[in-house]
Structures are given as structure tokens and as C-alpha cells.
Amino acid sequence: MRGNLRFLFFCHGLKLRAMASYRMDVAISSLGAFLHDAATIVFLSAVFGNIRQLEGWSFREMVFIWGFAVVTRNIGYAFFDVVANAYLFLGRGAMDGALVRPRPILLQMAAVSGFNTFSIGRALVGMAAMGFA
């Protein structure tokens, strides 16, 4: 178990180093994710600017619910998005290589796909929204 975790963190470190070589791509993608979340907050504020309460829900309560949904969804995407990417392994024919290696298949898929750093950033935005609410 410890060796598998070490292998996973080593592969995630490789992904982070590869992303660090394309700093502008990371910056633009992060800005896009931030603007997406900011647009949602602007939409909620526009709706609640015209309507004080929607069926008893206040603006801060809606921001809290939105922030909670963003946090849980993006933490799941960041670490457990392996199953959603399984079709990539099947389509490229990389599953055969994973079957002959001594590591578990899901671990290898998680190591190759890496974790989604943008989901971590979006989860932080959701936490900030929850703190605001």
C-alpha cells in the first residue's frame, strides 16, 4: 500500500513538473476557471439584486449551497476522475500495458492521468464562497 501511494505521488509530481514548463497555459486555464466561477456569482447577485428572497432563500444561503457543490464536485474531479478517463486508455490501447505491470490498474490509470490542478483551484474558490456566506 505504501509503495502504491509513493508511486502515485511520484507520478503526480511528474505531471506538476510537466505543467510547470507551460506556465502561460496554466495561467490562462486558471484564469478561465476563475472567470467561469465569477460569472456564476455575478449571475446569482443579479438575480438576488432584483429579488430579495426566492422561496425563502437568501443570497448568502444560495452562495453557500453553490460553494458547497463546487467544493465537493471539484475535489472528486481532482482525485477520483480515473473512471471517467477509462475510455482514453481503451481507445489508445494503453490498457494492455497496464495489465502486464505489477501495479493495480486503477492506480496506473490515476498515475498517468494525474490529478486535475484546476479542480483544486475551483474548490478553493468554492471554499472562499462558503466562507463569504
Side-chain angles (χ1 to χ4, degrees):
M1 180 69 175
R2 182 178 272 172
N4 288 339
L5 286 175
R6 192 174 317 128
F7 172 74
L8 185 65
F9 287 130
F10 174 75
C11 290
H12 287 328
L14 289 176
K15 168 116 182 194
L16 286 175
R17 280 178 272 195
M19 289 178 69
S21 63
Y22 300 102
R23 289 188 180 114
M24 201 60 183
D25 179 48
V26 171
I28 291 171
S29 298
S30 299
L31 179 66
F34 175 76
L35 290 176
H36 177 269
D37 291 337
T40 304
I41 295 293
V42 168
F43 173 74
L44 281 175
S45 65
V47 167
F48 280 96
N50 294 323
I51 303 167
R52 288 286 168 220
Q53 284 192 343
L54 230 80
E55 292 288 327
W57 293 90
S58 70
F59 173 68
R60 290 186 183 263
E61 290 170 337
M62 290 302 290
V63 169
F64 181 82
I65 290 172
W66 174 80
F68 187 74
V70 166
V71 169
T72 55
R73 178 181 49 226
N74 285 300
I75 287 177
Y77 285 161
F79 298 107
F80 306 113
D81 200 23
V82 176
V83 177
N85 293 328
Y87 72 94
L88 295 173
F89 286 88
L90 295 171
R92 287 183 296 192
M95 191 63 80
D96 294 337
L99 288 171
V100 296
R101 291 188 199 116
R103 304 276 183 191
I105 294 172
L106 285 177
L107 177 72
Q108 292 181 54
M109 290 170 62
V112 170
S113 64
F115 68 93
N116 191 347
T117 55
F118 307 116
S119 292
I120 299 290
R122 292 183 77 183
L124 292 174
V125 170
M127 287 181 202
M130 287 172 54
F132 166 77

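Values in this document were obtained by computation on a predicted structure and should not be read as measured data.
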I need the minimum non-hydrogen distance between [X] and [Y], along with the two atoms involved.
X: Val71; Y: Ala123; value: CG2-O, 3.3 Å
X: Met62; Y: Phe48; value: CG-CZ, 3.3 Å
X: Arg60; Y: Phe132; value: NH1-O, 2.7 Å
X: Val70; Y: Arg122; value: CG1-O, 3.3 Å
X: Ala69; Y: Thr72; value: O-OG1, 3.2 Å
X: Gly67; Y: Ala129; value: CA-CB, 4.4 Å

Would you kindly confirm whether [X] and [Y] end up in one hydrophobic cluster when ILVMFWY residues are joined by side chain heavy atoms under 4.5 Å apart?
X: Leu14; Y: Phe7; answer: no
X: Val42; Y: Phe64; answer: no
X: Phe59; Y: Ile51; answer: yes
X: Met24; Y: Leu31; answer: no

Keeping the roles fixed (side chain from Ser29, backbone from Val26), state whether a donor-acceptor pair exists under 3.5 Å.
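No; zero donor-acceptor contacts below 3.5 Å.
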
I'd like to know whether CZ of Phe68 has more than 12 heavy-atom contacts from other residues, nucleotides or ligands below 6.0 angstrom.
no

Would you indicate whether Phe34, at its atom CZ, is surrounded by more than 12 heavy atoms from other residues, nucleotides or ligands within a distance under 6.0 Å?
no

If we only count heavy atoms from C-beta on, is the Tyr22 to Ile28 side-chain gap below 4.5 Å?
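No, side chains not in contact.
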
Tell me, with the steps shown, if Asp37 and Trp66 meet side-chain contact (heavy atoms from CB on, under 4.5 Å).
CA-CA 10 Å; Asp37 291 337; Trp66 174 80; 3.9 Å; yes

Euclidean distance, Arg103 CZ relative to Leu8 CG, rounded to 0.5 Å
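Rounded to the nearest 0.5 Å, the CG-CZ separation comes to 10.0 Å.
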
With respect to Phe43, which candidate in Val47, Thr40, Ile41 satisfies the side-chain contact (heavy atoms from CB on, under 4.5 Å) definition?
Val47

